[in-house]
Chemist: 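I'd like to ask some things about the structure below.
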Amino acid sequence: MSQARIISFHYFLRTAILLGISSYIVVLSRSDALTYYIAPRMMIYVKMASVVLYIIACFQGYMALRAYWGKPVTCECEQPVSRSVLRNTLAYGLLIIPLFIGFGPPDTALSSTMVATKGMNLSASKSSLTATATTGTTTEVPTTTTGTTGTSTSKATTATTATDPASAASIPSTKMPAPANTDADLQKLFQADKEWDEDFSKIGMILYKKDTIVVKPEIYMEILSSIDLFKNNFIGKKIELTGFVYREDNMASNQFVVGRFAVSCCSADATPYGVMIDFPTAATYPKDMWVKVTGTVQNGSYNGNDIFIIKAMQVDKIAAPSSPYVYPNFEPLKELQ
């Protein structure tokens, strides 16, 4: 094969790869599946990238045709193509194989399978890294995380696994705190100890005045963080929460977790957060079923960690939302007001 034909082949192959990547982004965008992989605030950049890739592909196609016709565009500014079959196979394979994987299996949201690997965070107000599967130890201290590797405690770096379902979770009896009748009383109830908790304090005061706390997906993390931070103030408060069902083997028959994945940038940084649910027929709800839970906030514990739970009065099966993940909201107070 002549040198011109070899160059033409490389240009055609690059054109096909670039068009494939660009087309894949378009397909994901038109099918609303892009939300499974990218946070909404990042989608505009990904869509712009698909346009840029398409333009580059057109130029590569033009170069391929010129080389095929024996009139290659020579600017003496690019590296000569490699003649090594192995090197070319590896280089192009790194781009072609992911394309086939992307177009192959159906696009689905993250599920309980990923939660079992990462661990479910039951304390939304504390950022955490889950226990590793190989060593069973945690790399960050303040957390309450369930997972197949264990539950990390608030003052330890070694994960422990509960083996007794009866002792895995308990619901201490707690009395409802004295109601706040004035703004001054309310400010005392929601006094932030740290500067970065002041927004959660303001959110808590707004939620406290509501008859029913509806955990909206738009401010999912912010609401759960506020309740978790000031959980004693919300004991007995009615709450509505939606999410998918997650369950571990050491949970009692009346327990499951309703959770959602929080995504900052893309699905690679997705972290599962949820709330323990106490409901008599909890065992009848399979993993990954989407449900709407209505109940009251109560104090509880799981694997020796104090958490808030929802004592459910009603659990309804719902359809999975078109956007299954939740995202950081940098202006949560506007959403509440």
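These numbers come from the heavy atoms of this one structure, side chains and all, not from hydrogens, waters or symmetry mates.
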Chemist: Taking side-chain hydrogen bond (donor to acceptor under 3.5 Å, both in side chains) as the cut-off, I'd like each qualifying pair that reaches into residues 47-61, sequence neighbours left out, listed once.
Modeler: none
Chemist: Return the minimal non-hydrogen interatomic distance between M120 and V257, and the atom names on each side.
Modeler: CG-CG1, 3.8 Å
Chemist: Given I310, which of I227, V275, D278, V215 fulfils the side-chain contact (heavy atoms from CB on, under 4.5 Å) condition?
Modeler: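 Exactly one candidate clears the test, V275.
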Chemist: Sequence neighbours left out, cut at 3.5 Å: what donor-acceptor pairs do the side chains of residues 315-326 make with other protein atoms?
Modeler:
unit_1: D316; atom_1: OD1; unit_2: Q314; atom_2: NE2; d: 3.1
unit_1: D316; atom_1: OD2; unit_2: Q314; atom_2: NE2; d: 2.8
unit_1: Y325; atom_1: OH; unit_2: Y36; atom_2: O; d: 3.2
unit_1: Y325; atom_1: OH; unit_2: L110; atom_2: N; d: 3.0

Chemist: According to a hydrophobic-cluster definition based on side-chain heavy atoms being under 4.5 Å apart (Ile, Leu, Val, Met, Phe, Trp, Tyr only), do L90 and I96 belong together?
Modeler: no
Chemist: State which residues pass side chain to side chain contact (heavy atoms under 4.5 Å, CB included) with E198; sequence neighbours excluded, sorted by chain then number.
Modeler: A192, E195
Chemist: I need the full list of salt bridge (charged side-chain N to carboxylate O under 4.0 Å, His left out) pairs touching residues 207-219, with sequence neighbours left out, sorted by first then second residue.
Modeler: none
Chemist: Does M48 CE have over 12 foreign heavy atoms under 6.0 Å away?
Modeler: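 Result for CE/M48: open.
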Chemist: Transitively linked via ILVMFWY side-chain contacts under 4.5 Å: I56 with Y45?
Modeler: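 Yes, I56 and Y45 fall within the same hydrophobic cluster.
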Chemist: When you measure from the side chain of T15 to the backbone of Y11, do you find a donor-acceptor pair of N or O atoms at a distance under 3.5 Å?
Modeler: yes
Chemist: Quick one: list whatever passes ring-ring contact (aromatic ring centres under 6.0 Å, His included) with F190, sequence neighbours left out.
Modeler: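 For F190 the ring-ring contact (aromatic ring centres under 6.0 Å, His included) partners, ignoring immediate neighbours, are Y208, F230, F234.
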Chemist: Roughly how far apart are N299 CG and I307 CD1, rounded to 0.5 Å?
Modeler: 9.5 Å
Chemist: Which residues satisfy the ring-ring contact (aromatic ring centres under 6.0 Å, His included) test with Y37, sequence neighbours excluded?
Modeler: none
Chemist: Could you please spell out the steps behind the side-chain hydrogen bond (donor to acceptor under 3.5 Å, both in side chains) verdict for S225 and Y273?
Modeler: CA-CA 10 Å; S225 296; Y273 288 90; over 6 Å; no
Chemist: Other hydrophobic cluster members with L65, side-chain heavy atoms of Ile/Leu/Val/Met/Phe/Trp/Tyr under 4.5 Å, chained?
Modeler: F12, Y68, W69
Chemist: Give a yes or no on whether K287 atom NZ has more than 12 heavy-atom contacts from other residues, nucleotides or ligands under 6.0 Å away.
Modeler: yes
Chemist: State which residues pass salt bridge (charged side-chain N to carboxylate O under 4.0 Å, His left out) with K202; sequence neighbours excluded, sorted by chain then number.
Modeler: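 Expected list: none.
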Chemist: Distance-only, no hydrogens or angles: does the D269 side chain make a donor-acceptor pair with backbone N or O of S264 under 3.5 Å?
Modeler: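 Present.
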Chemist: Just verifying a value: how many Å separate I309 CD1 and K231 NZ, rounded to the nearest 0.5 Å?
Modeler: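 Here the interatomic distance stands at 12.0 Å.
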Chemist: Would you mind listing the cluster partners of I55? Hydrophobic ones only (ILVMFWY), side-chain contacts under 4.5 Å, chaining allowed.
Modeler: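 The other cluster members (ILVMFWY side chains, heavy atoms under 4.5 Å, direct or chained) are V51.
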Chemist: Take Y327 and R41, measure what side chain to side chain contact (heavy atoms under 4.5 Å, CB included) needs, and give me the verdict at the end.
Modeler: CA-CA 9 Å; Y327 309 95; R41 64 189 180 90; over 6 Å; no
Chemist: Listed by chain and number, what are the side chain to side chain donor-acceptor pair (under 3.5 Å) partners of T296, not counting sequence neighbours?
Modeler: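 Testing T296 for side chain to side chain donor-acceptor pair (under 3.5 Å), a comparison that skips the adjacent residues, returns Q298.
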Chemist: Where is the tightest heavy-atom contact between G102 and D107, given as atom of each residue plus distance?
Modeler: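 So the minimum-distance heavy-atom pair works out to O-OD1, 4.4 Å.
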Chemist: Does anything in residues 88-99 form a side-chain hydrogen bond (donor to acceptor under 3.5 Å, both in side chains)? List the pairs, not counting sequence neighbours.
Modeler: H10-Y92, R14-Y92
Chemist: Of the non-hydrogen atoms in P286 and V245, which two are nearest, and what is the gap between them?
Modeler: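 In terms of heavy atoms, the two residues are closest at O-CB, 3.4 Å.
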Chemist: Using 0.5 Å steps for rounding, measure from the CG atom of L189 to the CD atom of Q191.
Modeler: 10.0 Å
Chemist: Is there a path of hydrophobic side-chain contacts, each under 4.5 Å between heavy atoms of I/L/V/M/F/W/Y residues, joining I97 to L99?
Modeler: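 No: no chain of side-chain contacts under 4.5 Å links L99 to I97.
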Chemist: Counting distance only, does the side-chain N/O of N121 pair as donor-acceptor with the main-chain N or O of P272 below 3.5 Å?
Modeler: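 Yes, N121 side chain to P272 backbone: donor-acceptor pair under 3.5 Å.
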Chemist: Is there a path of hydrophobic side-chain contacts, each under 4.5 Å between heavy atoms of I, L, V, M, F, W or Y residues, that connects V26 with L19?
Modeler: no
Chemist: What residues, two or more places apart in sequence or in another chain, satisfy side chain to side chain donor-acceptor pair (under 3.5 Å) together with S112?
Modeler: D288
Chemist: Say whether, by atom type as modelled, one donor and one acceptor occur between the side chain of E222 and the main chain of N329 under 3.5 angstrom.
Modeler: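 Pair found, side chain donor or acceptor close to backbone of N329.
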Chemist: Kindly work out whether a path of hydrophobic side-chain contacts (I/L/V/M/F/W/Y, heavy atoms less than 4.5 Å apart) joins L94 to L53.
Modeler: no
Chemist: Under 3.5 Å, is there a donor-acceptor pair between the side chain of K118 and the main chain of T271?
Modeler: no
